[in-house]
Amino acid sequence: MTMKTWSADPAHSDIQSKVKHLMISTVTGSFKKFDVTVQTEENDFSTAKITFTADIESITTDNADRDAHLKSVDFFDAVTNPRLTFFSTRIPSKGDDAFVLNGDLTIRA
């Protein structure tokens, strides 16, 4: 079998999160520096191994004070823990090109 490898193209990709704030508004955040790699056997994504890392210093919510707070020891502690990581553990097929991604997310390791 041939292993195939894909990587995210930062010019055409983004990583975002959305969090409800006080049940009134939604805060959108994103990481500007990240890396995603997917390795599969041929085109079988159920065999995929996915690795994701994000640079905590690159987080932005378009609010400098909030961004500084997120990078502080109250949240991500970017000085001590400069990146978060995700490694897939299994990706079972749900049929019709749909999959469930299971894995380990590490924040503040």
Side-chain angles (χ1 to χ4, degrees):
M1 283 189 211
T2 303
M3 292 297 290
K4 292 190 175 186
T5 301
W6 290 273
S7 295
D9 175 1
H12 297 98
S13 306
D14 65 313
I15 301 296
Q16 291 187 344
S17 64
K18 295 185 182 282
V19 177
K20 276 286 199 199
H21 179 69
L22 300 175
M23 302 304 289
I24 297 170
S25 64
T26 301
V27 175
T28 301
S30 64
F31 290 97
K32 298 301 181 187
K33 294 181 182 176
F34 62 90
D35 184 56
V36 179
T37 302
V38 179
Q39 290 186 316
T40 66
E41 296 174 6
E42 299 294 334
N43 290 327
D44 181 4
F45 280 88
S46 67
T47 68
K49 299 293 181 203
I50 299 172
T51 303
F52 166 76
T53 60
D55 180 351
I56 298 299
E57 283 293 331
S58 76
I59 196 166
T60 181
T61 62
D62 292 327
N63 180 300
D65 290 339
R66 180 173 42 228
D67 295 348
H69 194 203
L70 287 171
K71 294 173 191 178
S72 76
V73 296
D74 289 343
F75 288 94
F76 289 114
D77 190 11
V79 171
T80 306
N81 304 283
R83 67 187 67 60
L84 63 84
T85 60
F86 175 84
F87 298 101
S88 64
T89 55
R90 65 187 182 94
I91 307 171
S93 175
K94 298 300 276 185
D96 295 329
D97 293 329
F99 299 87
V100 175
L101 177 59
N102 295 274
D104 297 320
L105 175 64
T106 303
I107 302 171
R108 294 180 68 140

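No hydrogens, no waters, no symmetry mates; every other heavy atom, side chains included, goes into these values. No experiment lies behind these values; they were computed from the predicted model shown.
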ask   = Under the side-chain contact (heavy atoms from CB on, under 4.5 Å) criterion, do His69 and Asp74 qualify, and how do the steps go?
value = CA-CA 7 Å; His69 194 203; Asp74 289 343; 2.8 Å; yes
Any side-chain heavy atom of Phe31 sitting closer than 4.5 Å to one from Ile56? yes
* Asked: Where do Thr40 and Trp6 land on the side-chain contact (heavy atoms from CB on, under 4.5 Å) test, with the steps shown first?
  -> CA-CA 9 Å; Thr40 66; Trp6 290 273; 3.0 Å; yes
With a 6.0 Å cut-off (strictly less than), is the heavy-atom count around CG of Asp97, excluding the residue itself, greater than 12?
no
Of all heavy-atom pairs linking Thr61 and Gly29, the shortest is CG2-CA, 3.9 Å
When every non-hydrogen atom of Lys71 is compared with those of Glu57, the smallest separation belongs to NZ-O, 3.0 Å
Taken to the nearest 0.5 Å, the spacing of Thr47 OG1 from Gln39 CD works out to 10.0 Å
One should read off an interatomic distance between Ile59 CD1 and Arg66 CZ, to the nearest 0.5 angstrom, of 10.0 Å
Are the side chain of Arg108 and the backbone of Ala78 linked by a donor-acceptor contact shorter than 3.5 Å? no
For residues 81-94, tabulate all N or O donor-acceptor pairs below 3.5 Å that involve a side-chain atom, not counting sequence neighbours.
unit_1 : atom_1 : unit_2 : atom_2 : d
Asn81  : OD1    : Ala109 : N      : 3.3
Ser88  : OG     : Ile50  : N      : 2.8
Thr89  : OG1    : Asn102 : O      : 3.3
Ser93  : OG     : Gly95  : N      : 3.1

Checklist line | Single-linkage hydrophobic cluster, 4.5 Å side-chain cutoff, Val19 and Phe76 together | finding: no
Stepwise side-chain contact (heavy atoms from CB on, under 4.5 Å) check, Glu41 with Met3:
CA-CA 5 Å; Glu41 296 174 6; Met3 292 297 290; 3.6 Å; yes
Geometric class of the Phe52/Phe34 ring pair [parallel <30°, tilted 30-60°, perpendicular >60°]: tilted
So side-chain hydrogen bond (donor to acceptor under 3.5 Å, both in side chains) across residues 15-26, not counting sequence neighbours, yields Asp14-Gln16, Lys18-Thr28
